Amino acid sequence: LDIDAIIKVAKDNNIDAIHPGYGFLSENAKFAQACEDNGIIFIGPKVSVLKALGDKITAKEVAVTNNIPVIQSSNKDLVTVEIALDEAKRIGYPVMLKAASGGGGRGMRVIRTEDELIKGFPEARRESLNAFGDDTVFLEKFVENPKHIEIQIVADMHSNIVHLYEKVIEFAPSLGLPQETLDNLYKYAINICKAVNYNNIGTVEFLVDDDGSIYFIEVNPRVQVEHTVTEMITNIDLIKTQIFIAGGYKLSDKQIKIENQEAVKITGYALQCRITTEDPANDFKPDYGVVTTY
């Protein structure tokens, strides 16, 4: 996470591009700006895109402006627990408390009562500050029993954009969603990316309620750990595609070979399973050591 050290290593070794992986720097506009300032290509979205979509609050503002449905959320800065309590009362319990700069579930918790919010508010802020260097949190309505659907987006630097269909956590494509719902998900995902002149790859995340209602959550402006399920069903190498896009190629060029939306075909289903170093006896906290059993 040491931006200056990474830039120094790159300059000392004549590196012309950096792929940030899927860690926290992959969504960090300061890191992308540091790369740009030092003549290094950041293999990911432009700084302006990261600023517009890397923060969940600003991303929701972009969605609302472009008529994409969102979950009702707090519209005041939650700098005190008293403000948080007022906003939760307005939205209606249960609510979800989230870190604005968050990811991976850190700083996130379901709140069903005022007492839970009084206890959870300072905890979430501390957790967010430790993980992301930013203690900004917000509230949104908690949707019971939703389907979490993610749309994979690929966009070049020439205003060409396609979707590579959907994922459900680590499974692709989804099962059981009506075609009309899927078509709306694809449309909303492309529209929000067009609104910010998105480039490179990313994932637009939605919740779909039991009644088919769609709610935009956020955009992951980076490659995801589970990107491989999309690669398996579309036969498109997303990391290679990222690198060619960063090099200025069009989606239709022979290096990428995505002529248009109709050219993207799905074959079969894919499920990703991961072995993680976590301690099940300690609330699945990150752990280290030798993997002995799985």
Side-chain angles (χ1 to χ4, degrees), residues 24 27-29 50-151 168-169 185 188-189 191-192 195-196 202-222 224 283-285:
F24 296 130
E27 300 186 34
N28 190 308
L50 290 173
K51 286 181 176 177
L53 297 178
D55 181 301
K56 294 184 181 72
I57 295 172
T58 54
K60 289 180 82 167
E61 290 171 356
V62 173
V64 170
T65 303
N66 289 276
N67 300 313
I68 297 165
V70 299
I71 298 170
Q72 190 176 11
S73 61
S74 52
N75 49 30
K76 295 180 180 177
D77 293 335
L78 304 186
V79 291
T80 67
V81 70
E82 288 77 20
I83 296 173
L85 286 165
D86 286 344
E87 286 292 272
K89 187 175 181 180
R90 178 182 62 80
I91 295 166
Y93 292 95
V95 293
M96 182 77 87
L97 183 61
K98 289 185 173 183
S101 300
R106 298 190 183 189
M108 184 186 297
R109 51 209 9 97
V110 178
I111 305 291
R112 298 186 182 276
T113 65
E114 286 191 354
D115 287 345
E116 287 184 11
L117 183 54
I118 291 168
K119 179 177 181 292
F121 182 75
E123 292 175 353
R125 292 186 72 183
R126 278 197 303 273
E127 199 173 306
S128 177
L129 184 63
N130 289 337
F132 313 112
D134 177 8
D135 67 356
T136 306
V137 294
F138 69 102
L139 290 166
E140 67 181 19
K141 181 68 177 174
F142 179 60
V143 180
E144 301 275 6
N145 302 317
K147 290 184 175 71
H148 188 139
I149 308 292
E150 305 175 344
I151 310 299
V168 187
I169 312 179
L185 287 164
Y188 291 148
N191 284 352
I192 194 168
V196 295
T203 310
V204 188
E205 301 193 6
F206 299 91
L207 294 181
V208 179
D209 214 339
D210 286 339
D211 64 2
S213 298
I214 294 170
Y215 303 98
F216 166 78
I217 311 175
E218 63 175 324
V219 178
N220 279 164
R222 57 176 171 82
Q224 290 182 302
D283 196 29
F284 290 92
K285 291 280 193 305

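All values derive from a computational prediction rather than experimental measurement. Hydrogens, waters and symmetry mates are skipped; everything else that's a heavy atom, side chains included, is used.
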Check: [X] side chain, [Y] main-chain N or O, donor-acceptor pair, under 3.5 Å:
{"X": "K141", "Y": "Y93", "result": "yes"}
{"X": "K60", "Y": "F216", "result": "no"}
{"X": "R90", "Y": "S73", "result": "yes"}
{"X": "R222", "Y": "F24", "result": "no"}

Once rounded to the nearest 0.5 Å, what's the spacing between atom [atom1] of [X] and atom [atom2] of [Y]?
{"X": "M96", "Y": "E140", "atom1": "CE", "atom2": "CD", "value": "7.0 Å"}
{"X": "I214", "Y": "L185", "atom1": "CD1", "atom2": "CG", "value": "4.0 Å"}
{"X": "T80", "Y": "D86", "atom1": "OG1", "atom2": "CG", "value": "8.0 Å"}
{"X": "Q224", "Y": "E150", "atom1": "CD", "atom2": "CD", "value": "4.5 Å"}
{"X": "I91", "Y": "L139", "atom1": "CD1", "atom2": "CG", "value": "5.5 Å"}
{"X": "T113", "Y": "D115", "atom1": "OG1", "atom2": "CG", "value": "5.0 Å"}

Could you tell me which non-hydrogen atom of [X] sits nearest to which non-hydrogen atom of [Y], and how far apart they are?
{"X": "K51", "Y": "A29", "answer": "CG-CB, 3.8 Å"}
{"X": "A189", "Y": "F206", "answer": "N-CZ, 3.8 Å"}
{"X": "D210", "Y": "N145", "answer": "OD1-O, 3.3 Å"}
{"X": "A84", "Y": "L78", "answer": "CA-CD2, 3.9 Å"}
{"X": "T58", "Y": "A52", "answer": "OG1-O, 3.1 Å"}

Trace of the side-chain contact (heavy atoms from CB on, under 4.5 Å) decision for D77 with I83: CA-CA 8 Å; D77 293 335; I83 296 173; over 6 Å; no

Worked check of salt bridge (charged side-chain N to carboxylate O under 4.0 Å, His left out) between E144 and R112: CA-CA 12 Å; E144 301 275 6; R112 298 186 182 276; 3.1 Å; yes

Measure the shortest side-chain to side-chain distance between [X] and [Y] over non-hydrogen atoms and say whether it is less than 4.5 angstrom.
{"X": "N75", "Y": "E87", "result": "yes"}
{"X": "E205", "Y": "V219", "result": "no"}
{"X": "I151", "Y": "Y188", "result": "no"}

Step-by-step side-chain contact (heavy atoms from CB on, under 4.5 Å) determination, V137 to K98: CA-CA 5 Å; V137 294; K98 289 185 173 183; over 6 Å; no

S213 versus D211, side-chain donor and acceptor atoms under 3.5 Å: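 Yes, because at least one side-chain N or O of D211 sits under 3.5 Å from a partner of the opposite role on S213.
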
Pair E27-N220, side-chain contact (heavy atoms from CB on, under 4.5 Å): steps then yes or no: CA-CA 8 Å; E27 300 186 34; N220 279 164; 4.0 Å; yes

K147 and V168: CA distance, side-chain angles, deciding distance, side-chain contact (heavy atoms from CB on, under 4.5 Å) verdict: CA-CA 8 Å; K147 290 184 175 71; V168 187; 5.8 Å; no

Could you list the donor-acceptor pairs under 3.5 angstrom formed by side chains in residues 62-69, with sequence neighbours left out?
{"residue": "T65", "atom": "OG1", "partner": "E61", "partner atom": "O", "Å": "2.8"}
{"residue": "N66", "atom": "ND2", "partner": "V62", "partner atom": "O", "Å": "2.8"}

